[in-house]
Amino acid sequence: MTLTDIQQRDAQDPLRPLRDLFDLPPGMIYLDGNSLGALPRAVPARMAEVLAREWGRDLIQSWNSAGWFDLPARVGDKIAPLIGARAGEVVATDTTSINLYKALSAALNLAAQDAPSRRTIVSERSNFPTDLYIAEALCRERGGTLKLVESHQIAASLGDDVAVLMLTHVNYRTGAMHDMAAVTRAAHAAGARVVWDLAHSAGAVPVDLHGADADFAVGCGYKYLNGGPGAPAFVWVHPRHVDRCWQPLAGWWGHAAPFAFTPDYQPAAGITRYQCGTQPIVSLSALDCALDVFAEAEKLGGMTALRAKSLALTDLFIESVEQLCPGAFTLVTPLEHAQRGSQVCLTPTEQLPAGSAYAIVQALIARGVVGDFRAGDAEQPDILRFGFTPLYLSYENVRLSAQTLREVLLNKEYELPEFNRKRAVT
Ligand SMILES: Cc1ncc(COP(=O)(O)O)c(C=O)c1O
Ligand SMILES: Nc1ccccc1C(=O)C[C@H](N)C(=O)O
């Protein structure tokens, strides 16, 4: 594809107006919205209002007058249509790790009621580590077993000991996406329930939790939902399960009547019981405002249009890297559209020095193309990761990123000492 073709594609892109809803630094191509989404333009003014009026002037009254008390549910209602949930079924609260703890624990409680011999959690070895750590801690606490398998072994691992299959829909390190409906069907047929982590899916790919008949889901507010660093996460529980048991962090914000101040716990009906304590209102307000971008996206075709553009962007990046950096990288992300999330991961071939991915990413960042590095596994230890947010990226951005990668390689910029110094966050 020539530059003119690419520019024509941008000119015809129906989602082009969404880019103007974001405040992106001039000259930067941001390919890390899968780690921290960009700042929506409307957020700073909203934050100023929350601080000055709601907190500064109205103080404690704002719990009622500014609707702080219901904010987790209202933000949940904005997230619900993006993940195939219904109004009233999602709350924005706590972190993904904490929500996973609650959901996994509840799923184990359901199994303890229905099939007490099922005490195993199955997950993928390549799942995001926090998910595995939380599951490991729960198993230690409750005497269960965590079984880690490779992707192709999932179906075969679902024996009659399995209570829960815990998976991340789009893998953080490879960008590979599960068929949520098929995997959930297989798990149900084997008598297990499924907890889905939507950290790399919500706002990035269409998700249909009801359509897939899923059981539990959690996800992240600061990636493709653009809620800001450490934004509250979300949790969804299928209505058939939600009132059947408590979640383990039964704080007063999950109580049926928190301001009755009774000494005993009475869980609220529905997903409200998945709240624990007082919520971070300033952060929730930022996420609330950021989600309005998706209301605008809805007018232009919504998640279906975003998905079409995301695939076109990742296709163009894969094709451009092959053309401009021939033989330099192996593609880690599946080529098959149905198996690809909204990111592209590459690992250097023997054409490049071993262990050069980190320095290549640093050199790209210095040139204004921001991706990230992830340590891989024994097979593919060294990964360059590029997230493609269709809300604010253009096709020309994608081509320019691949051209910049070519320049970094031609100049061997990865050899420079400043790009080889490891920092705390990669
Ligand atoms: C799949 C997945 N789950 C969870 C998390 C993070 O959870 P938390 O926000 O609790 O740090 C991430 C990324 O940080 C992730 O990629
Ligand atoms: N929360 C973060 C804080 C600092 C740096 C990265 C993150 C990420 O979210 C990483 C992401 N989950 C990943 O898929 O690698």
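Note that these values count all heavy atoms, side chains included, but never hydrogens, waters or copies made by symmetry. Note that ligands are numbered from 1 as they come in the structure, with each ligand's atoms numbered from 1 the same way.
- Salt bridge status for Arg41 with Asp20: absent, with no side-chain N to carboxylate O gap under 4.0 Å.
- A salt bridge does not link Asp161 with Arg118: none of the charged nitrogens is closer than 4.0 Å to a carboxylate oxygen.
- For the ring pair (Phe, Tyr, Trp, His ring centres under 6.0 Å) with Trp63, the qualifying choice from Phe259, Trp55, Trp68 is Trp68, the only one to do so.
- In terms of protein heavy-atom proximity, atom 10 (O) of ligand 1 is closest to Ser97 OG, 2.6 Å.
- Between Tyr172 and ligand 2, a contact under 3.5 Å exists for no N or O pair.
- Looking only at protein heavy atoms, the nearest one to atom 5 (C) of ligand 2 is Val425 CG1, 3.5 Å.
- Contact check for Val344 versus Phe329: no side-chain heavy atoms found under the 4.5 Å cut-off.
- Ring planes of His200 and Tyr224: perpendicular class, angle over 60° (limits at 30 and 60°).
- Taking atom 7 (C) of ligand 2 as the reference point, the nearest protein heavy-atom neighbour is Ser35 OG, 3.8 Å.
- Taking a distance limit of 4.0 Å, we find that atom 3 (C) of ligand 2 is approached by no protein heavy atom.
- For Arg19 and Asn397, the side-chain atoms include at least one donor-acceptor pair closer than 3.5 Å.
- Interface atoms of ligand 2 facing Arg374, defined by a heavy-atom separation under 4.0 Å, are 6 (C), 10 (C), 13 (C), 15 (O).
- Considering backbone and side-chain atoms alike, Thr130 places every N or O at 3.5 Å or more from each N or O of ligand 1.
- In this model, no donor atom of one side chain and acceptor atom of the other lie less than 3.5 Å apart for His169 and Asp197.
- Looking at Leu198, Thr96, Asp94, it is Thr96 that brings a heavy atom closest to atom 7 (O) of ligand 1.
- Classification of Asp10 and Arg16 as a salt-bridged pair fails, no side-chain N sitting under 4.0 Å from a carboxylate O.
- Residue Arg173 does not touch ligand 2, judged by heavy-atom distances below 4.0 Å.
- Partner of Ile121 under the side chain to side chain contact (heavy atoms under 4.5 Å, CB included) criterion, chosen from Glu136, Arg142, Met166: Met166.
- Screening Arg185, Arg193, Arg240 for a salt bridge (charged side-chain N to carboxylate O under 4.0 Å, His left out) involving Asp213 leaves a single residue, Arg240.
- Here the heavy atom of the protein found nearest to atom 13 (C) of ligand 1 is Lys223 NZ, 3.0 Å.
- Ligand-side atoms of ligand 2 in range of His200: 14 (O), range being under 4.0 angstrom from any heavy atom.
- Within ligand 1, counting atoms from 1 as listed, the ones closer than 4.0 Å to a heavy atom of Tyr222 are 6 (C), 7 (O), 8 (P), 9 (O), 11 (O), 13 (C), 14 (O).
- Scanning the protein heavy atoms around atom 1 (C) of ligand 1, the nearest turns out to be Asp197 OD2, 3.3 Å.
- Residue Asp131 touches ligand 1 through its side chain alone, judged by heavy-atom distances below 4.0 Å.
- A cation-pi arrangement is present between Lys422 and Tyr358 under the rule of less than 6.0 angstrom and at most 45 degrees off the ring axis.
- Aromatic ring centroids of Tyr414 and Phe419 lie 6.0 Å or more apart.
- Residue His200 has at least one N or O atom closer than 3.5 Å to an N or O atom of ligand 1.
- Ionic pairing of Glu49 and Arg46 is present here: one or more N-O contacts between side-chain nitrogen and carboxylate oxygen are shorter than 4.0 angstrom.
- The contact set between ligand 1 and Thr95, taken as ligand atoms under 4.0 Å from a residue heavy atom, comprises 10 (O).
- Atom numbering of ligand 2 starts at 1 in the shown order; those under 4.0 Å from a heavy atom of Tyr222 are 1 (N), 9 (O).
- Polar contact check, Tyr172 against ligand 1: no nitrogen or oxygen pair lies under 3.5 Å apart.
- Considering backbone and side-chain atoms alike, Thr168 places every N or O at 3.5 Å or more from each N or O of ligand 1.
- Shown in contact with Arg385 at under 4.0 Å from a heavy atom are these atoms of ligand 2, numbered in order with element: 13 (C), 14 (O), 15 (O).
- With a 4.0 Å cut-off on non-hydrogen atoms, Ala199 touches ligand 1 through its side chain and not its backbone.
- Ranking protein heavy atoms by distance to atom 9 (O) of ligand 2, first place goes to Lys223 NZ, 2.8 Å.
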